[in-house]
Amino acid sequence: ALNRRVIRLSIFGLAVFWSISQVMLAAFPAFIKESLAVTNTVMIQGTLAASGIGIVVGSLLAARFSRRYIETGLIPIGALGIALCLFILPGLGSITAHMVNFFLIGVMGGIFIVPLNALIQFHANEHELGKVLAGNNLIQNIAMLAFLLLTALVAYSGLPMSALLFLIAVVALVGGLYTVVQLPQSLVRVMLSLLVSRRYRVNVQGFNDIPNDGGVLMLGNHISWIDWAIVQIASPRPVRFVMLKSIYERWYLKWFFKAFRTIPISGGASSKGALKKVAELLNQGEVVCLFPEGGISRTGHLAEFRAGYERVCVDVGDEVVILPFYLRGLWGSRFSRSENKISNETKTRLIRDLVISFGEPLDKNTKVDVLKRRIFDLSISSWQHYVETLPTIPEAWIDTAKSQGSALAIADTLAEPMSATRALTAAIVFSKKIKQLSPDQNVGLLLPNSIGATIANMAVMLNGQTLVNLNYSASEENLLAALEQADLPCLISSKRFIKKLQSKGVNFDRLLAAVPVYYLEDVREGISQWSMVSHLLCVK
């Protein structure tokens, strides 16, 4: 358990957290009695229980942030949050304030321990995971016992419990500052995650193909100015990036790149020093990312790959591997070189899906042409996998309608325009009525392009039924043939529409007599105002 640095640090972090928790459980009853003269056991135990509820909430938050990758940026935030709450604990003047503070300590604790446990399981090899977890539990219990003996010693010496609480606050602060020093890129990383998540949803494919130790040279396509951020967000291991020295030297960016320990590189013969530095880092077991295209794509497609990385691989050990990756979803964004990037982003407020797909590790001697083929293959498999995970049309429509809210969604020349919320409400109500009228799988629609037709289409799809729209401009013979081929047991139409067709000399008498026909006007009359209002409240 202690042989690997990441696992060792994660175990020590967990041990300190649970040891501090042990001290708080033991010392708080005496402290609250000294400071506020509270002796009610139910109040004291309720306050301590608030931390347990907080851990649940914090763990759920950490799981949400780490849904598609391990968000290591939460670790320093949780550690510093715990320290801050412990420092303010002695100065609180009411049991309610203590209860809120314990809840926050729990939330920060959940944010802290979930990524640490995930890192342990990621970095431990499958055959050694049981031993690592056993060692983790052993070390935690030893640390908890040591802190419990410290608590007993303080009580025996007659020192106030506030002194002990101050001591563990100092321990937590030292631990928090240590995590910031050890993970300087993590705080920046979590801020990047929050900024990116406002417009983009990052999906990581091939997560298990990322080696959990050893030197790794990441090589992939270069599609935008923020590719490095997406790669770092997706990787559970710190990544060192190689970038042009001309950009690195800009005074307003240099401090940021230094925090990320970026490696500047120049063109031509002067690049030898940077390439040598990359080789040294790989031999030390670090992860380094290069973009072999040498610049951001101007077409959205793979450009010519340069062979600079091959010179690096000559000087590295055989244990170093190449990890190919493919980024998709940033072309057309404001961070790419797409010409229509501004117009594309102002047309919609919806969240874009970003996919980073990692392939199986390649030998360090992989040549440029083979590497490019592997990354091209990743682009195909990445797209296929993404398509398989897409929501159904009604699911996507519900999400879109919810995101648009009261904004205008549908309009035509005959009816009152509808907001997204009202359209979703109407579709849900109509879907239940249509299911009652036509429980069969196939449902036929004979409607013009209109608000009513849109609502009817979505209502049928919300039921999971098969939608068959008939082309009213076709002949009656063709419509009858379509009715038979699609095995339609009924039709949904509009009295107003049929009347308008008849006024223009178009008659569908045989079609309307062939199967039962349900008219939207009749369906609408059967829906009460209360039903519409109650469903509207449910949608909101």
Side-chain angles (χ1 to χ4, degrees), residues 192 195-196 199-206 217-235 239-248 250 253 257 260 262-268 271 274-275 278 287-312 322-348 351-359 362 366-387:
L192 286 171
L195 290 173
V196 168
R199 292 286 308 184
Y200 305 102
R201 180 168 44 235
V202 180
N203 295 278
V204 181
Q205 298 173 2
L217 180 60
M218 288 186 174
L219 300 172
N221 62 320
H222 202 2
I223 208 75
S224 76
W225 299 105
I226 62 170
D227 291 347
W228 61 274
I230 306 304
V231 172
Q232 182 59 84
I233 287 171
S235 172
V239 181
R240 303 284 294 272
F241 292 90
V242 180
M243 70 178 309
L244 288 174
K245 192 172 183 179
S246 58
I247 299 176
Y248 178 89
R250 294 177 184 177
L253 294 175
F257 294 136
F260 261 88
T262 304
I263 306 162
I265 189 171
S266 303
S271 65
L275 295 178
V278 171
V287 181
V288 181
C289 180
L290 271 170
F291 296 103
E293 290 171 289
I296 298 174
S297 173
R298 295 184 179 274
T299 64
H301 302 291
L302 294 179
E304 180 184 356
F305 277 25
R306 300 180 182 179
Y309 77 89
E310 292 183 0
R311 299 202 298 273
V312 173
I322 291 173
L323 183 67
F325 68 86
Y326 180 78
L327 275 164
R328 189 186 61 76
L330 280 166
W331 179 251
S333 72
R334 66 182 67 229
F335 303 107
S336 69
R337 283 179 166 160
S338 168
E339 292 182 358
N340 60 346
K341 54 190 173 185
I342 301 298
S343 59
N344 279 355
E345 293 222 335
T346 54
K347 284 178 183 176
T348 176
I351 294 179
R352 294 169 65 113
D353 280 302
L354 300 185
V355 175
I356 177 167
S357 180
F358 294 101
L362 304 174
T366 302
K367 298 299 180 183
V368 170
D369 56 334
V370 177
L371 172 68
K372 188 173 181 179
R373 284 201 300 271
R374 294 293 175 269
I375 294 177
F376 183 76
D377 292 341
L378 274 178
S379 71
I380 297 172
S381 61
S382 168
W383 174 254
Q384 290 174 335
H385 178 77
Y386 173 69
V387 169

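Start at 1 with the first residue, then count along the sequence.
- Under the rule for a ring-ring contact (aromatic ring centres under 6.0 Å, His included), Phe358 has no partner lying at least two apart in sequence or in another chain.
- Distance alone, capped at 3.5 Å, places no donor-acceptor pair between the Ser235 side chain and the Val231 backbone.
- Every residue meeting the side chain to side chain contact (heavy atoms under 4.5 Å, CB included) condition with His385, not counting sequence neighbours, appears here in chain and number order: Gln205, Glu388, Thr389.
- Applying the side chain to side chain contact (heavy atoms under 4.5 Å, CB included) rule to Val370 yields the partners Thr366, Arg373, Arg374; only residues at least two apart in sequence or on another chain are considered.
- The closest side-chain heavy-atom distance from Leu244 to Pro264 is not below 4.5 Å.
- Note that SG of Cys289 is 10.0 Å distant from CD1 of Ile263, once rounded to the nearest 0.5 Å.
- Remark: Ile380 engages Phe376, Gln384 in a side chain to side chain contact (heavy atoms under 4.5 Å, CB included) (not counting sequence neighbours).
- In this structure Arg240 satisfies the salt bridge (Lys or Arg N to Asp or Glu O under 4.0 Å) test together with Glu286, sequence neighbours excluded.
- Taking 4.5 Å as the limit, every side-chain heavy atom of Met243 sits out of range of all side-chain heavy atoms of Phe291.
- Listed by chain and number, the residues in a side chain to side chain contact (heavy atoms under 4.5 Å, CB included) with Ala303 are Glu293 (sequence neighbours excluded).
- Summarising the geometry, atom CZ belonging to Arg337 is positioned 5.0 Å from atom CD1 belonging to Ile296; distances are rounded to the nearest 0.5 Å.
- With rounding to the nearest 0.5 Å, the separation of OH in Tyr326 from OG in Ser379 is 5.0 Å.
- In this structure the side chain of Tyr309 reaches within 4.5 angstrom of the side chain of Val368, judged on heavy atoms.
- Judged as a side-chain hydrogen bond (donor to acceptor under 3.5 Å, both in side chains), and not counting sequence neighbours, the contacts of Asp227 are His222, Ser224.
- Partners of Tyr386 under the ring-ring contact (aromatic ring centres under 6.0 Å, His included) rule, at least two apart in sequence or in another chain, are Trp383.
- Put simply, the side chain of Asn221 gets close to the backbone of Leu327: a donor and an acceptor are under 3.5 Å apart.
- Taking 4.5 Å as the limit, every side-chain heavy atom of Met218 sits out of range of all side-chain heavy atoms of Leu290.
- Although no hydrogens or angles enter the test, the distance criterion places no donor-acceptor pair under 3.5 Å between the side chain of Glu310 and the main chain of Lys367.
- Residues Leu371 and Pro324 are in side-chain contact: their nearest non-hydrogen atoms beyond the backbone lie under 4.5 Å apart.
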